[in-house]
Amino acid sequence: MGVGERKGSALEDLIERAGGCAVIDGGFATQLEKHGAAINDPLWSALCLIKDPHLIKRVHMEYLEAGADVLITSSYQATLVGFLSKGLSMEEAESLLEKSVKLAVEARDKFWDSLKEVPGHSYNRALVAASIGSYGAYLADGSEYSGCYGPDINLEKLKDFHRRRLQVLVNAGADLLAFETIPNKLEAQACAELLEEENIEIPSWICFSSVDGENAPSGESFQDCLDILNKSDKVNAIGINCAPPHFIESLIGKFKGLTSKAIVVYPNSGEVWDGRAKRWLPSKCFGDDKFELFAARWRDAGAQLIGGCCRTTPSTVQAISNALRGLTEASLDCYQL
């Protein structure tokens, strides 16, 4: 077995154990706010790493109970420069990044240990995916949905921005890396090259957002973006996150024609985020019943990892899990903890 195959085996093995399509967790900030967290801040949900780490662990547990096979850490908007801007030291900033992984690992291990007393359960031992949000997420100006970073941002600057965060998250014990809401070809290239330069040996996925259902937010074609990623054996899966769910089926079809890598999709609820005003705009969105219906369609179309992003909840993930595992209400009673 080649090195590239071995490296990705943790993710491949999970997908196989899950019957060909694994379940990713759902929206994080939504649940934190439900439990009383105040996250109206440039750090967004990462603020809870400082103020309310117990809520982060609570949300991880809720998603595990809902059937998530992959937990994504609370580090999406957690950057070293972001923490430094709060007056923290570099040591404290790196410690908070490490904490994002450790909280997820602790929740996963506690949940898995609890299942020893549950015969015949349908859960898989979850993997912890360290979230690495785009440069635009750090800017907190909505540019992860436009890809417009300005003329001063180039390939090397993007790699330098992500490098130390990636190193810390890997060393903290993450099972895989999740690059999220990548808006343009340049940042996708930076992520792929960084994986090579740092000789990362855990699996990774790179997910784009999309505002039109056809192209990356920058307007660049997905063919151009995926051509770069297909050349890297450090990238194990490619997909879409935080895009409206009604885009997903056609985008899976598009990606199937552009890559042989695993396809990962975790859309938002369909509500529209105004990045400048920092509020959700009223719009027609998917309820849990639609996620349950479409999860099976997305799997049949070729997705191998399916979950939810902003404004989805544990009940959404439960619906996805039910659909992918073919569980009925009667059989669910057997798996209540």
Side-chain angles (χ1 to χ4, degrees), residues 3-15 17-18 22-25 28 32 43 45-46 48-50 52-65 68-80 82-83 88-116 123-133 162-180 191 194-207 233-237 262 264 266 305 307:
V3 174
E5 294 175 300
R6 186 68 253 155
K7 172 178 66 66
S9 63
L11 186 58
E12 293 164 2
D13 289 350
L14 176 67
I15 292 171
R17 290 198 309 274
V23 180
I24 304 171
D25 64 10
F28 215 83
L32 289 173
L43 288 177
S45 57
C48 287
L49 289 168
I50 303 172
D52 300 297
H54 66 287
L55 293 183
I56 291 175
K57 198 167 181 178
R58 178 176 176 179
V59 172
H60 284 319
M61 290 296 289
E62 289 172 339
Y63 278 117
L64 288 166
E65 291 166 0
D69 298 314
V70 179
L71 287 182
I72 300 178
T73 65
S74 53
S75 53
Y76 174 78
Q77 211 138 322
T79 63
L80 295 174
F83 287 135
L88 300 175
S89 67
M90 181 60 76
E91 183 180 4
E92 290 170 327
E94 292 187 356
S95 177
L96 287 169
L97 280 178
E98 292 170 354
K99 183 187 285 189
S100 72
V101 174
K102 291 176 180 177
L103 288 169
V105 169
E106 288 171 3
R108 186 268 312 280
D109 291 348
K110 180 180 180 181
F111 181 74
W112 191 244
D113 286 345
S114 74
L115 292 176
K116 293 176 181 177
Y123 295 98
N124 297 303
R125 185 175 185 272
L127 296 181
V128 171
S131 172
I132 300 178
H162 287 299
R163 191 181 304 275
R164 183 56 186 155
R165 174 167 57 158
L166 179 148
Q167 293 169 340
V168 172
L169 291 170
V170 170
N171 292 336
D175 298 309
L176 61 138
L177 296 173
F179 295 92
E180 303 188 282
C191 295
L194 193 56
L195 291 170
E196 296 285 349
E197 291 173 12
E198 296 298 320
N199 193 29
I200 300 302
E201 292 299 327
I202 61 174
S204 68
W205 74 56
I206 295 180
C207 281
D233 66 357
K234 301 284 188 182
V235 179
N236 303 89
V264 49
Y266 47 115
L305 294 134

How many angstroms lie between atom [atom1] of [X] and atom [atom2] of [Y], to the nearest 0.5 angstrom?
X	Y	atom1	atom2	value
Leu71	Leu64	CG	CG	4.0 Å
Leu194	Ile132	CG	CD1	7.5 Å
Leu97	Ser74	CG	OG	9.5 Å

Set of side chain to side chain contact (heavy atoms under 4.5 Å, CB included) partners for Gln77, sequence neighbours left out:
Trp44, Ala137, Ala140

Qualifying residues under side chain to side chain contact (heavy atoms under 4.5 Å, CB included), relative to Asp113, sequence neighbours excluded
Lys116

For residues 168-180, which side-chain N or O atoms pair as donor and acceptor with protein atoms under 3.5 Å away, sequence neighbours left out?
unit_1	atom_1	unit_2	atom_2	d
Asn171	ND2	Gln167	O	3.2
Asp175	OD2	Arg108	NH1	3.1
Asp175	OD2	Val128	N	2.7
Glu180	OE1	Ser131	OG	2.3
Glu180	OE2	Tyr266	OH	2.5

Closest heavy-atom pair, Tyr76 versus Arg165, reported as atoms and distance to 0.1 Å, is O-NH1, 3.4 Å

If you look at every heavy atom in Trp112 and Asn124, which pair is closest and at what distance?
CZ3-C, 3.4 Å

Test of understanding: with side-chain hydrogen bond (donor to acceptor under 3.5 Å, both in side chains), list the residues that count as partners of [X], not counting sequence neighbours.
X	result
Thr73	Ser75
His60	none
Tyr63	none

Heavy atoms, side chains only, cut-off 4.5 Å: are [X] and [Y] in contact?
X	Y	answer
Glu196	Asp233	yes
Leu11	Ile202	no
Lys234	Asn199	yes
Asp69	Leu305	no
Phe28	Val59	yes

Sequence neighbours left out, what pairs pass side-chain hydrogen bond (donor to acceptor under 3.5 Å, both in side chains) with at least one residue falling in residues 93-107?
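The answer is Lys57-Glu106, Glu94-Arg164.
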
Among all residues two or more places apart in sequence or in another chain, which pass the salt bridge (charged side-chain N to carboxylate O under 4.0 Å, His left out) test with Glu198?
Arg163

Who pairs with Arg125 by salt bridge (charged side-chain N to carboxylate O under 4.0 Å, His left out), at least two apart in sequence or on another chain?
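With neighbours one apart ignored, the set is Asp109.
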
